[in-house]
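A quick write-up on the structure given underneath.
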Amino acid sequence: MSANTQTLKPVDLRSILTFTVKLARTAGTLILEGSQAIQSTSDVNEKKNSVDLVTEYDVAVEELVKSEITKAYPSFKFIGEESYSSGTRNELTDEPTFCVDPIDGTTNFVHGFPFACISLGLIYQKRPVLGVIYNPFLDHLYTGIEGQGSFFTRGNSQPLKLPLTNPKPLPSLQKALLAVEWGSDRGKKTLVPKSDSFLRLAGDPADGIAGGRMAHSIRSLGSAALNISMVAQGGLDLYWEIGCWPWDVCVSRPVVYARYLHLTCFYKAGIVIAQEAGGAVVGSHAALAAATSAGSSIDPFKVTPEVLTGRKYLIIRAIPDTPNETGREAQLRIARDLYQTVEDSEPK
């Protein structure tokens with residue numbers, strides 16, 4: 001890698017991945033320590049509440065990660081949740097930029113529910129090129145490099161290429177295992193359309209649920225990064241999300257730029273891993289409609305800045321070609337069916 005031009009070659013990315021995996025595992029030890037500290041505190045109100053403890057470990061993990069990255073790659077830029085909220089706001093450029101969500105799944109982290117992770121990614125020329133997601137509770141590691149595939153590692157075993165099994169056809173939503181999240185906004189304006197959408201996805205049209213699709217079942221892991229990883233793995237067929245907002249901060253820059261910065265950093269790792277496993281990433285109802293309208297030349301599966309900033313996502317697992325349709329056509333069919341079923345809404 002040239003220090004002057006910051007040109008990243010495939011061999012550079014593999015070296016960076018080795019470093020990032022080691023760093024994620026080190027950070028995972030600190031995450032486990034934090035969760036155990038919260039669980040072992042009988043009365044957190046005596047000294048600090050659970051929110052304070054979460055923040056403490058969020059900061060500690062991010063500082064650890066930033067310190068190690070600065071030592072190994074001093075010319076790389078860095079964007080993190082806690083540093084951004086404290087006022088350090090590096091502008092996203094074409095230069096290599098590490099982004100970190102120190103603890104994704106903080107509610108799980110507080111309760112000791114073993115689905116929380118660190119999400120680390122590298123953005124280069126304003127696109128995600130490398131992703132690492134590590135769940136220290138289960139010792140599950142997901143990695144991906146643009147153009148080089150994505151992999152799953154359990155413990156000290158050998159990495160397994162994603163998806164873990166040969167993808168199967170997905171004839172309809174009725175055969176699908178879906179992931180959704182309730183989110184932190186529990187107001188009526190947000191919750192009613194979400195709950196109505198979940199009802200239609202799960203409901204039986206023959207038993208009073210108008211528009212019901214009778215999806216095989218619905219899951220909520222409580223972590224966007226792990227939901228996406230499970231789609232890449234093939235354990236989930238798709239993940240639909242509206243309103244995911246990774247960093248609850250007050251921004252002084254224009255809202256559109258802030259959204260682009262935040263969401264790029266949050267989803268980058270998962271996007272690389274999912275796409276390298278053959279998955280498709282779709283934006284909002286409107287984005288899909290525009291891409292599939294008559295005469296459109298837009299790729300419905302291209303992750304543009306508009307998709308990243310939209311706060312509306314659909315990730316669909318790899319689907320094989322069949323005599324009747326290609327895998328890409330099947331993914332597009334599933335996306336259309338899903339968006340015909342669920343209700344669009346505007347998140348806060």
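Small disclaimer: the values here were computed from a predicted structure and weren't measured. Positions are given from 1 along the sequence.
Side chains of T7 and Y124 form a contact here, defined as non-hydrogen atoms less than 4.5 Å apart. Side chains of I145 and R14 form a contact here, defined as non-hydrogen atoms less than 4.5 Å apart. Two residues are said to be in side-chain contact when any heavy atoms from C-beta on lie closer than 4.5 Å; F109 and I31 meet this criterion. Annotation: side chain of E343 is not in contact with side chain of V192 (no heavy-atom distance under 4.5 Å). Looking at heavy atoms from C-beta onward, Y239 lies in side-chain contact with E181 at the 4.5 angstrom threshold. Residues L338 and L178 are in side-chain contact: their nearest non-hydrogen atoms beyond the backbone lie under 4.5 Å apart. Here the side chains of Q331 and V282 are not in contact, with every heavy-atom distance at 4.5 Å or above. Looking only at side-chain heavy atoms (C-beta outward), L23 and V65 come within less than 4.5 Å of each other.
Closest of all the heavy-atom pairs between A291 and S296 is O-OG, 3.2 Å. Nearest heavy atom pair, residue A277 against residue A318, reads O-CB, 3.4 Å. Minimum heavy-atom separation, A24 to V132: CB-CG1, 3.8 Å. Taking both residues in full, the closest heavy atoms of S35 and G112 are given as OG-CA, 4.1 Å, listed atom of the first, atom of the second, then distance. Taking each heavy atom of A232 and L162 in turn, the nearest pair found is O-CB, 3.9 Å. L201 approaches V342 most closely through the heavy-atom pair CD1-CG1, 3.8 Å.
We find the CZ-CD distance between R213 and Q340 to be 6.5 Å, quoted to the nearest 0.5 Å. To the nearest 0.5 Å, the span separating SG on C117 from NE2 on H140 amounts to 12.5 Å. Rounding to the nearest 0.5 Å gives a distance of 9.5 Å between CG of L314 and CD1 of I334. D104 contributes atom CG, which lies 8.0 Å from atom CD1 of I133 (distance to the nearest 0.5 angstrom). One distance of note links CD of Q148 with CG of L13; it measures 6.0 Å at 0.5 Å rounding. In this structure, OH in Y339 is found 7.5 Å from CG in D344, a value given to the nearest 0.5 Å.
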Open item on the list: What verdict does the side chain to side chain contact (heavy atoms under 4.5 Å, CB included) test give for M230 and N227, after you've listed the backbone C-alpha separation in whole Å, the side-chain angles of each residue and the deciding distance to 0.1 Å?
Closed with: CA-CA 5 Å; M230 193 56 67; N227 281 328; 5.9 Å; no
Task: Stepwise side chain to side chain contact (heavy atoms under 4.5 Å, CB included) test for S220 and V180 - done: CA-CA 5 Å; S220 295; V180 298; 4.0 Å; yes
- [ ] Check the pair K71 / E68 against salt bridge (charged side-chain N to carboxylate O under 4.0 Å, His left out), numbers first and verdict last.
- [x] CA-CA 5 Å; K71 287 188 286 187; E68 293 302 311; 3.0 Å; yes
- [ ] Take C99 and I123 through the test side chain to side chain contact (heavy atoms under 4.5 Å, CB included) and record every step on the way to the result.
- [x] CA-CA 8 Å; C99 296; I123 296 175; 3.9 Å; yes
Task: Trace of the side chain to side chain contact (heavy atoms under 4.5 Å, CB included) decision for R317 with L170 - done: CA-CA 9 Å; R317 68 162 171 85; L170 187 57; 3.7 Å; yes
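Side-chain N or O atoms of T322 include none that pairs as donor or acceptor with a backbone N or O of P320 at under 3.5 Å. A side-chain donor-acceptor contact under 3.5 Å links D237 to the backbone of L177. Remark: the backbone N or O of T341 is paired with a side-chain donor or acceptor of R200 at under 3.5 angstrom. No donor-acceptor distance shorter than 3.5 angstrom exists from the side chain of D196 to the backbone of P193, with no hydrogens or angles considered. Checking side-chain atoms of K189 against main-chain N and O of S345 turns up no donor-acceptor pair under 3.5 Å. In this structure, T190 contributes its side chain and G187 its backbone to no donor-acceptor pair below 3.5 Å. In terms of modelled atom types and a separation under 3.5 Å, the side chain of D58 and the main chain of P102 share no donor-acceptor contact. The backbone N or O of S119 lies less than 3.5 Å from no partner atom in the side chain of D101, so there is not a single donor-acceptor pair. With S67 contributing its side chain and L64 its backbone, the two residues share no donor-acceptor pair below 3.5 Å.
Put simply, F151 and L122 are part of two different groups of oily side chains (I, L, V, M, F, W, Y) that touch within less than 4.5 Å, one to the next. Taking hydrophobic clusters as Ile, Leu, Val, Met, Phe, Trp and Tyr residues chained together by side-chain heavy-atom distances below 4.5 Å, M214 does not share a cluster with W240. There is no path of hydrophobic side-chain contacts, each under 4.5 Å, that joins L199 to I242. In the hydrophobic cluster analysis, where Ile, Leu, Val, Met, Phe, Trp and Tyr join through side-chain heavy atoms closer than 4.5 angstrom, L141 is grouped together with L32. The hydrophobic clustering, which links ILVMFWY residues whose side-chain heavy atoms are closer than 4.5 Å, places I316 and I298 apart.
Screening L120, T143, I69 against T20 for a side-chain contact (heavy atoms from CB on, under 4.5 Å) leaves a single residue, L120.
The aromatic rings of F19 and F98 sit perpendicular to each other, their planes meeting at more than 60°, with 30° as the lower class boundary. Ring planes of Y142 and F152: tilted class, angle from 30 to 60°.
For R328, the CZ atom sits in a packed shell: over 12 heavy atoms of surrounding residues, nucleotides or ligands are nearer than 6.0 Å. Other residues, nucleotides and ligands place more than 12 heavy atoms under 6.0 Å from the NZ atom of K161. A 6.0 Å sphere centred on CG of D204 holds more than 12 heavy atoms belonging to other residues, nucleotides or ligands.
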